[in-house]
Every structure is written in C-alpha cells, then in structure tokens.
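Data first, discussion second: the structure below is written as structure tokens.
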Amino acid sequence: MKQVRRVITGEELDGRSRIVAIDHVDAVAIAGIRLFPLWGVPSVPVPLPATGLEGPGNAKGAGIVRTAIGVLPANRLVGGGDSHLTFDEEGFHRTDSVDVAYVISGSVLLRVPGEPDTMLNAGDCVVQNGARHAWLNQGDEDAVILWVWVKGARAD
C-alpha cells in the first residue's frame, strides 16, 4: 500500500454539492506505522456548509478529530520513531484521546497492562479510551487499520 485515493466532497454557500478534490494521500512514518492521514478538524463543531478542504488531516496529533489508515508491518512492535508519544520498552503508551480502530486486514495483538492480550482480526474494532496499551503485529503480513481519534482531556 503506497497511497490512498481520497475523494473530498463539499457544499457551496448556495447549497450546491460538489466534488472539490480527488487526490492521493502518501504515508507518513510514525512510531513504526505507515499512517495515511485522511482528514481532520482543528475544532468542533465543523461549520457547514464546508468545502471539505478545511481539514486534510494530520498524522502527528494536531486537531480535535483525525482519521487515518495505518499499516503495521509484519512481525513488529509499534513504538518509538518520530512520534509525539512516549513508549516504554514493551511499546506501552497512552493518548489523550478516544481512539476507534477498525482492522481492515491482517491481525494485531492489543496489549493492556494487567489484562489478557486480545487478538484483533479483520472486521474487529476496538474503542480505546485513553488507556495504556501496546500494538504488536505477530503475523507474517501487514495489518491495515482504520483509525479515528477524538481529542480528550484528562481529569486532574
């Protein structure tokens, strides 16, 4: 998977709907994952009508809502790299967000400290509510995952 084709629709102020862009999204390498940033917004609610170009996405954490397709390489623990996250030696980390991950293809092991490891296969989904976790692809093929991140705030 080298690129993701992206079609963006929008709406003009007069109410006319249209396709505003057709392009290809290249991967950005973050923490050992190839992420294809699809779309994101810096704040909510999103003002409508919108051209759709306001939020092209940012894989490194900017924005309130972000979407991306991630490719976890075969036989790989996710972690480190040029990420804004801090990973321990076992790949555990946490995000200040609600992360919804849907496995498109392959399998990936979700690890949560103190809990049994959970294998996620194509068609499985996880909703990660800011908990410490790690991703491990033990398979012989890449795992492809669709992620949606919604920024959160931790209670002090």
Side-chain angles (χ1 to χ4, degrees), residues 1-8 21-46 50 52-156:
M1 182 176 222
K2 298 190 188 299
Q3 292 183 320
V4 173
R5 183 172 180 246
R6 177 176 61 183
V7 177
I8 300 174
I22 299 175
D23 60 11
H24 289 83
V25 178
D26 292 316
V28 178
I30 296 181
I33 302 172
R34 291 189 324 270
L35 285 177
F36 296 84
L38 301 177
W39 189 78
V41 294
S43 63
V44 292
V46 177
L53 296 175
E54 290 84 358
N58 182 317
K60 289 197 175 192
I64 298 295
V65 177
R66 297 175 293 125
T67 61
I69 291 177
V71 179
L72 284 64
N75 298 301
R76 176 81 189 254
L77 174 69
V78 173
D82 60 352
S83 170
H84 66 285
L85 302 173
T86 301
F87 295 84
D88 69 15
E89 64 281 350
E90 295 180 38
F92 286 104
H93 63 285
R94 74 165 136 200
T95 60
D96 291 336
S97 58
V98 175
D99 310 346
V100 179
Y102 175 80
V103 181
I104 296 170
S105 66
S107 298
V108 63
L109 189 69
L110 171 65
R111 303 187 66 215
V112 176
E115 297 291 330
D117 291 346
T118 303
M119 183 60 70
L120 300 170
N121 299 304
D124 291 341
C125 178
V126 62
V127 179
Q128 186 71 272
N129 287 289
R132 283 180 49 78
H133 63 285
W135 299 102
L136 175 61
N137 183 348
Q138 296 176 309
D140 294 329
E141 66 179 86
D142 293 349
V144 179
I145 299 175
L146 172 65
W147 265 289
V148 177
W149 296 276
V150 179
K151 190 139 187 96
R154 294 189 181 275
D156 291 332

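Looking at every heavy atom in both residues, Ala131 comes nearest to Arg94 through O-CB, 3.8 Å. The minimum heavy-atom distance between Pro113 and Arg132, with the atom names listed, is CD-O, 3.4 Å. Closest approach of Met1 to Val4, counting heavy atoms only: CE-CG2, 3.8 Å. Contact record, Thr95 with Arg154: O-NH2, 3.0 Å, taken as the closest heavy-atom pair. Nearest heavy atom pair, residue Ala68 against residue Trp149, reads CB-CZ3, 3.6 Å. Gly70 and Leu35 make their closest contact through CA-CD2, 3.6 Å (heavy atoms, listed as atom of the first residue, atom of the second, distance).
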Verdict with supporting geometry, His133 and Val126, side-chain contact (heavy atoms from CB on, under 4.5 Å): CA-CA 12 Å; His133 63 285; Val126 62; over 6 Å; no
Just do the side-chain contact (heavy atoms from CB on, under 4.5 Å) check on Val71 and Phe36 with the steps written out, would you? CA-CA 8 Å; Val71 179; Phe36 296 84; 3.8 Å; yes
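We find the CG-CG distance between Leu136 and Leu77 to be 5.5 Å, quoted to the nearest 0.5 Å. Atoms NZ and CG, on Lys151 and Asp99 in that order, are 10.5 Å from each other to the nearest 0.5 Å. The NE2 atom of His93 sits 8.0 Å away from the CH2 atom of Trp135 when rounded to the nearest 0.5 Å. Atoms OG1 and CH2, on Thr67 and Trp147 in that order, are 12.5 Å from each other to the nearest 0.5 Å. Atom-to-atom distance recorded for His24:NE2 and Lys2:NZ is 13.5 Å, nearest 0.5 angstrom. With rounding to the nearest 0.5 angstrom, the CD1 atom of Ile145 is 9.5 Å from the OG atom of Ser107.
Looking at Asn137, its side chain does come within 3.5 Å of a backbone N or O of Pro73 through a donor-acceptor pair. Without hydrogens or angle criteria, Asp142 side chain to Ala74 main chain gives a donor-acceptor distance under 3.5 Å. In this structure, the side chain of Arg6 engages the main chain of Leu38 through a donor-acceptor pair within 3.5 Å. In this structure, Arg111 contributes its side chain and Gly91 its backbone to no donor-acceptor pair below 3.5 Å.
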